[in-house]
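Okay, so here's the structure we're looking at.
Chain letters run A, B, ... following the sequence lines, proteins first and then strands; every chain starts at 1.
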Protein chains: 2
Amino acid sequence: MTERKPRKDAVRNRAALLAAADALFARCESPEAVTMADIATEAGVGKASLFRAFGDRTGLIRALYEARLEPIRNAVEAGPPPLGPATPPLQRVFALLDALLCFKLDNRHLVLALEGTGSDSPYKAEHYERWHALLKAALEQIPGLTDSGFTAHALLAATRADLVEHLAGHERVPRETMRTQLASLTARVLGTRPLQDSVVEG
Amino acid sequence: MTERKPRKDAVRNRAALLAAADALFARCESPEAVTMADIATEAGVGKASLFRAFGDRTGLIRALYEARLEPIRNAVEAGPPPLGPATPPLQRVFALLDALLCFKLDNRHLVLALEGTGSDSPYKAEHYERWHALLKAALEQIPGLTDSGFTAHALLAATRADLVEHLAGHERVPRETMRTQLASLTARVLGTRPLQDSVVEG
DNA sequence: TTGCAAAGCGGACCCAGGGTCCGTATCGTT
DNA sequence: AACGATACGGACCCTGGGTCCGCTTTGCAA
């Protein structure tokens with residue numbers, strides 16, 4: 001019951017800030033080129049409101065990230081196959097990794113901002129924990145596979161934001177190529193042949 | 001012939017700075033807890049000398065890193081098997097990855113400092129290029145393996161500093177376990193059984 | 001030895017950027 | 001209408017990377 005509904009201007013400002021940050025991160029090449037002051041200004045709001053709403057820079061980026069991730073999160077937690085919980089484990093591993101890769105391709109700047117948020121390693125964020133737990137659980141149901149925990153980490157590492165950025169941006173690897181390669185890698189790790197494409201477009 | 005041999009005090013200071021930085025990074029938990037001023041002070045030297053000697057923070061960290069890496073680099077470029085160039089490709093892949101993992105375990109703080117040096121993604125550093133090229137070349141000689149480039153990236157990603165740090169530090173996974181798991185993962189990726197241990201202790 | 005550039009030194013200084021303070025404006029409730 | 005609570009915003013603080021410049025040291029040469 002510590003719930004105390006926020007004032008209207010507060011929620012409006014919060015929304016404006018999210019939108020502004022989103023726009024700025026999308027527009028600028030490097031995440032650290034966009035400063036907190038920039039975001040506040042873009043939103044037509046004082047800096048203090050920004051910090052009041054999100055705590056600190058990491059909080060803001062996390063909020064953005066979670067918002068963008070929500071559809072996928074829902075699809076994974078309660079949606080139909082191939083992402084939802086009813087999917088057979090093997091197929092789901094492919095679907096999860098593919099969805100994650102597509103998400104990172106579609107949100108390069110934002111994800112880069114989050115993972116490169118300086119100190120806090122990505123492994124401490126709870127959204128990483130979620131993905132890892134999910135993947136690990138799926139892997140554990142695949143017969144003949146050991147080291148589910150480490151394997152999950154390794155597969156997730158193959159979709160790290162800066163790697164994806166490097167491949168997509170610097171080496172100009174096309175999206176479909178990356179998806180195929182990741183699927184093929186996954187198949188080798190799992191000791192299977194790759195399944196056909198499994199997830200919707202981004 | 002633009003070579004102009006540096007003065008004695010300059011080289012002494014440079015050495016002192018390297019030593020100081022090394023000590024400080026080793027001593028402190030988080031790399032960003034140690035500031036440039038700290039390092040200069042520890043070395044008994046002015047801040048300007050520090051920047052004159054290494055350009056900027058990244059330059060210093062890179063210098064430290066290269067110094068530490070040199071033995072391995074030599075072993076890889078001109079040493080005997082299993083690291084040297086005469087090794088059969090398949091065995092060499094295992095050896096390279098194991099050596100890299102051990103190196104990162106033995107130099108956690110330093111490597112963390114380098115890879116987490118804020119903006120510059122690790123993929124732009126030329127030492128990454130070297131590892132990747134090396135691994136890719138070895139992979140290309142393994143029959144039936146496609147996507148050598150991507151596979152090399154993925155395997156290297158499994159040894160990323162912050163992942164290693166997370167596993168070794170936070171999850172308390174023992175060193176030998178990690179080595180085994182990495183070898184096992186590699187074997188699955190390559191479609192082989194793991195070879196026996198391949199490299200010296202760190 | 002002494003002279004004298006050139007190379008190097010160091011700490012005061014600059015600046016950007018994250019985060020806070022506090023007097024003022026707004027909200028929404030009685 | 002009025003008043004407490006809530007939020008606003010821009011001036012302000014502080015840390016930390018990086019630079020400036022007057023002074024010292026080095027090393028070559030006379």
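- With hydrogens and angles ignored, no donor-acceptor pair closer than 3.5 Å exists between the side chain of B:Arg52 and the base of D:dG18.
- For B:Met36, taking side-chain heavy atoms from C-beta onward, the closest of the listed nucleotides C:dG10, D:dG17, C:dG18 is D:dG17.
- A distance of 6.0 Å or more separates the ring centres of B:Tyr65 and B:Phe25.
- In this structure, B:Asp22 pairs ionically with B:Arg68, as a charged nitrogen and a carboxylate oxygen lie closer than 4.0 Å.
- With sequence neighbours excluded, the residues that form a ring-ring contact (aromatic ring centres under 6.0 Å, His included) with B:His166 are A:Tyr123, A:His153, B:His170.
- Here B:Arg179 pairs with B:Glu176 in a salt bridge; the nearest charged N to carboxylate O distance falls below 4.0 Å.
- Side-chain proximity of A:Ala48 to C:dT20, C:dG18, C:dG11: nearest is C:dT20.
- Counted by atom type alone, B:Arg62 and B:Thr58 present zero donor-acceptor pairs between their side chains at under 3.5 Å.
- B:Asp38 places its CG atom 12 Å from the P atom of D:dT15, with the value rounded to the nearest Å.
- In this structure, A:Arg92 contributes its side chain and A:Val76 its backbone to a donor-acceptor pair below 3.5 Å.
- In this structure, A:Ile39 places its CD1 atom 14 Å from C1' of C:dG19, rounding to the nearest Å.
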One character per nucleotide, please: for nucleotides 25-30 of chain D, 5' to 3', B when the base has a protein heavy atom closer than 4.0 Å, S when only the sugar-phosphate does, - otherwise. BSS---
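- When rounded to the nearest whole Å, the span between CZ of B:Phe54 and C1' of D:dG18 equals 16 Å.
- Within the 4.0 Å cut-off from OP1 or OP2 of C:dG10, at least one side-chain nitrogen or oxygen of B:Ser49 is found.
- Toward the 5′ end of DNA chain C lies the nearest nucleotide of B:Val45, the other residue of the pair A:Gly55 and B:Val45 mapping further downstream.
- Expressed to the nearest 0.5 Å, how far NZ of A:Lys136 lies from CG of A:Asp147 amounts to 11.0 Å.
- Mapping A:Val11 and B:Asp56 onto DNA chain D by nearest heavy atom places A:Val11 closer to the 5' end of the strand.
- Contact annotation: B:Thr35 side-chain N/O to D:dT15 OP1/OP2 distance is not under 4.0 Å.
- Rounded to an integer number of Å, the gap from A:Lys47 NZ to C:dT20 C1' is 9 Å.
- In this structure, the CG atom of B:Leu50 is 15 Å from the P atom of D:dG16, given to the nearest Å.
- Regarding A:Phe51, its CZ atom lies at a distance of 12 Å from the P atom of C:dG17, rounded to whole Å.
- Residue A:Asn13 has a polar side-chain atom (N or O) positioned under 4.0 Å from OP1 or OP2 of D:dC8.
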